[in-house]
There are 2 protein chains.
Amino acid sequence: MARASTTSDAFNAIAEPRRRQILSYLVVQERQVGEIVAAIGIDQPSVSKHLGVLHKVGLVHMRRNGRHRLYRTNAAAIQPLHEWTGTFERYWKHQLNRVKERAEAQMSREGANNAGTFPKENL
Amino acid sequence: MARASTTSDAFNAIAEPRRRQILSYLVVQERQVGEIVAAIGIDQPSVSKHLGVLHKVGLVHMRRNGRHRLYRTNAAAIQPLHEWTGTFERYWKHQLNRVKERAEAQMSREGANNAGTFPKENL
DNA sequence: TTGACATATTCCCATATAAGAATGTATTGT
DNA sequence: ACAATACATTCTTATATGGGAATATGTCAA
């Protein structure tokens with residue numbers, strides 16, 4: 001099997017850095033394609049293609065207005081990704097705690113009789 | 001240009017569902033490859049390849065122990081993803097608020113003089 | 001109608017999968 | 001040394017990019 005399509009889900013869609021840029025840009029307010037092209041600095045067909053991917057997985061909404069198309073980020077579609085990554089939060093906090101505890105233990109050991117151990121360049 | 005490599009960053013690496021499964025499994029505790037194979041239910045070479053991708057982008061740590069290799073999720077490497085998705089949180093909350101406000105306005109309008117509007121099937 | 005403008009779509013191509021099969025490598029027990 | 005165990009790597013193949021160039025589609029304005 002080949003790699004899953006970029007349009008298969010939000011995880012695949014946001015793997016592309018340009019699409020993340022577009023999402024960040026469009027979350028503040030609705031924009032037409034030309035504005036995105038100017039803001040992101042890539043050519044119009046590429047922007048349209050990225051918007052197509054984002055739209056297909058529901059990460060952006062689109063409405064027509066005359067000859068313009070107005071896109072905006074559908075933030076709600078990002079929430080599941082936030083929740084998935086959030087399931088790891090307690091574990092990275094554990095890691096931080098362990099690092100902090102080691103550091104504090106080290107500090108007190110040094111404070112006892114190792115003052116002045118660091119070379120000046122590190123201060 | 002082709003699609004970016006799965007090993008180019010964490011966003012690309014987690015796009016694959018099996019790799020997300022593996023990360024969830026390995027975050028609880030260190031495991032050897034054979035355990036992952038049994039738990040996830042895919043063949044050993046595939047697991048090894050997925051582990052290779054995850055390891056290359058720093059999403060898992062590995063240590064050797066005799067003929068075993070013990071892998072565990074490096075939760076800290078997931079934090080940046082959580083933070084990126086978190087930048088959209090205020091926006092999806094806004095959306096929710098708007099939905100809620102509309103619903104509440106609707107309720108009070110109905111409560112005033114439209115009681116009994118819903119068909120029984122919806123209650 | 002005829003342009004002009006805003007976007008989308010198609011075609012081409014170099015590149016990168018992911019799964020399956022087969023094989024290679026390292027380590028342990030005897 | 002040798003067989004068994006635990007993993008990793010290589011090869012093949014069907015499939016899917018993403019960028020660039022060219023072209024098509026849809027809408028407004030005169």
Side-chain angles (χ1 to χ4, degrees), chain A residues 1-23 25-26 29-73, chain B residues 1-23 25-26 29-73:
Chain A
M1 205 189 299
R3 195 167 171 184
S5 167
T6 56
T7 57
S8 53
D9 59 39
F11 282 101
N12 279 281
I14 67 159
E16 170 65 40
R18 262 62 187 278
R19 285 196 284 267
R20 291 199 299 278
Q21 253 187 288
I22 291 174
L23 286 173
Y25 180 62
L26 291 181
Q29 68 172 91
E30 199 177 44
R31 299 283 190 179
Q32 55 191 61
V33 178
E35 294 178 295
I36 307 173
V37 170
I40 307 293
I42 59 183
D43 56 291
Q44 177 267 313
S46 290
V47 169
S48 280
K49 281 181 268 186
H50 284 313
L51 288 171
V53 172
L54 293 172
H55 190 250
K56 189 159 185 183
V57 301
L59 281 165
V60 298
H61 285 145
M62 184 268 285
R63 73 185 175 91
R64 281 166 234 261
N65 185 10
R67 50 182 140 180
H68 297 156
R69 294 192 181 200
L70 298 169
Y71 287 89
R72 72 184 162 81
T73 297
Chain B
M1 203 190 298
R3 196 168 172 185
S5 167
T6 56
T7 56
S8 54
D9 59 39
F11 282 101
N12 279 281
I14 67 158
E16 169 65 38
R18 262 63 187 276
R19 285 196 284 268
R20 292 200 297 279
Q21 256 189 285
I22 292 173
L23 287 173
Y25 180 62
L26 292 180
Q29 69 172 89
E30 198 176 47
R31 298 284 189 179
Q32 54 192 61
V33 179
E35 293 178 296
I36 307 173
V37 170
I40 308 294
I42 58 183
D43 55 292
Q44 177 267 313
S46 290
V47 169
S48 280
K49 280 181 269 188
H50 284 311
L51 287 171
V53 171
L54 293 172
H55 190 251
K56 189 159 183 182
V57 300
L59 281 165
V60 298
H61 284 145
M62 184 269 285
R63 76 186 174 88
R64 279 167 236 260
N65 186 10
R67 50 183 139 179
H68 298 280
R69 296 193 179 199
L70 298 168
Y71 287 89
R72 69 184 164 82
T73 295

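Model, not experiment: these values are computed from the prediction. The chains referred to below are lettered A, B, ... by the order of the sequence lines, with proteins before strands, and numbering in each begins at 1.
- In the set C:dT7, D:dT17, D:dA8, D:dA8 carries the atom at the smallest distance from any side-chain atom of B:R69.
- Between B:H68 and D:dC7 there is a side-chain N or O to OP1 or OP2 distance below 4.0 Å.
- Of the possible polar contacts, one joining the B:R20 side chain to the B:I14 backbone as a donor-acceptor pair under 3.5 Å is found.
- Judged by atom type and distance alone, A:Q32 does not reach the base of C:dA6 through any side-chain donor-acceptor pair under 3.5 Å.
- The side chain of A:S5 contributes no N or O atom lying less than 4.0 Å from OP1 or OP2 of D:dT15.
- At the phosphate of D:dG26, neither OP1 nor OP2 sits under 4.0 Å from any side-chain N or O atom of A:R64.
- One atom, CE of B:M62, and another, C1' of D:dA6, lie 13 Å apart when rounded to the nearest Å.
- Residue B:R19 is classed as a sugar-phosphate contact, given heavy-atom separations below 4.0 Å to backbone atoms only.
- Here D:dC7 presents its P atom at 17 Å from NE2 of B:H50, a figure rounded to the nearest Å.
- Note: CZ (A:F11) to P (D:dT17) measures 18 Å, nearest angstrom.
- Among the nucleotides C:dA19, D:dG19, C:dT17, the one closest to any side-chain atom of A:E16 is D:dG19.
- Rounded to whole Å, the distance from CD on B:Q44 to C1' on C:dG24 is 12 Å.
- The nearest whole Å value for the distance from the CG atom in A:L54 to the P atom in C:dA8 is 12 Å.
- Nucleotide D:dC7 holds its P atom 13 Å from the CZ atom of B:R63, rounded to whole Å.
- Taking only side-chain nitrogens and oxygens, A:Y71 comes nearer than 4.0 Å to OP1 or OP2 of C:dA8.
- Residue A:R18 is classed as a sugar-phosphate contact, given heavy-atom separations below 4.0 Å to backbone atoms only.
- Distance CZ/B:R31 to CG/B:L51: 13.5 Å, rounded to 0.5 Å.
- Between B:L51 atom CG and D:dA6 atom P the separation is 16 Å, expressed in whole Å.
- Within the model, atoms CD of A:E35 and CG of A:L70 stand 8.0 Å from one another, a figure rounded to the nearest 0.5 Å.
- With B:R19 contributing its side chain and B:A13 its backbone, the two residues share a donor-acceptor pair below 3.5 Å.
- How far CG of B:L59 is from OG1 of B:T73: 8.0 Å, rounded to the nearest 0.5 Å.
- Remark: of the listed residues B:E30, B:R72, B:H55, B:H55 is the sole one forming a side-chain contact (heavy atoms from CB on, under 4.5 Å) with B:V60.
- Between the CZ atom of B:R3 and the P atom of D:dG19 there is a distance of 12 Å, rounded to whole Å.
- Nearest-nucleotide mapping onto DNA chain D: of A:A4 and A:S46, the residue sitting toward the 5' end is A:A4.
- Looking at heavy-atom distances under 4.0 Å, A:S48 makes contact with a base.
- In the set D:dG19, C:dT27, D:dA8, the nucleotide with an atom closest to the side chain of B:R67 is C:dT27.
- Listed candidates were C:dT15, D:dA29, C:dA21. Nearest to the side chain of B:A2 is C:dT15.
- Closest to the side chain of B:K49, from the set D:dG19, C:dA21, C:dA8, is C:dA21.
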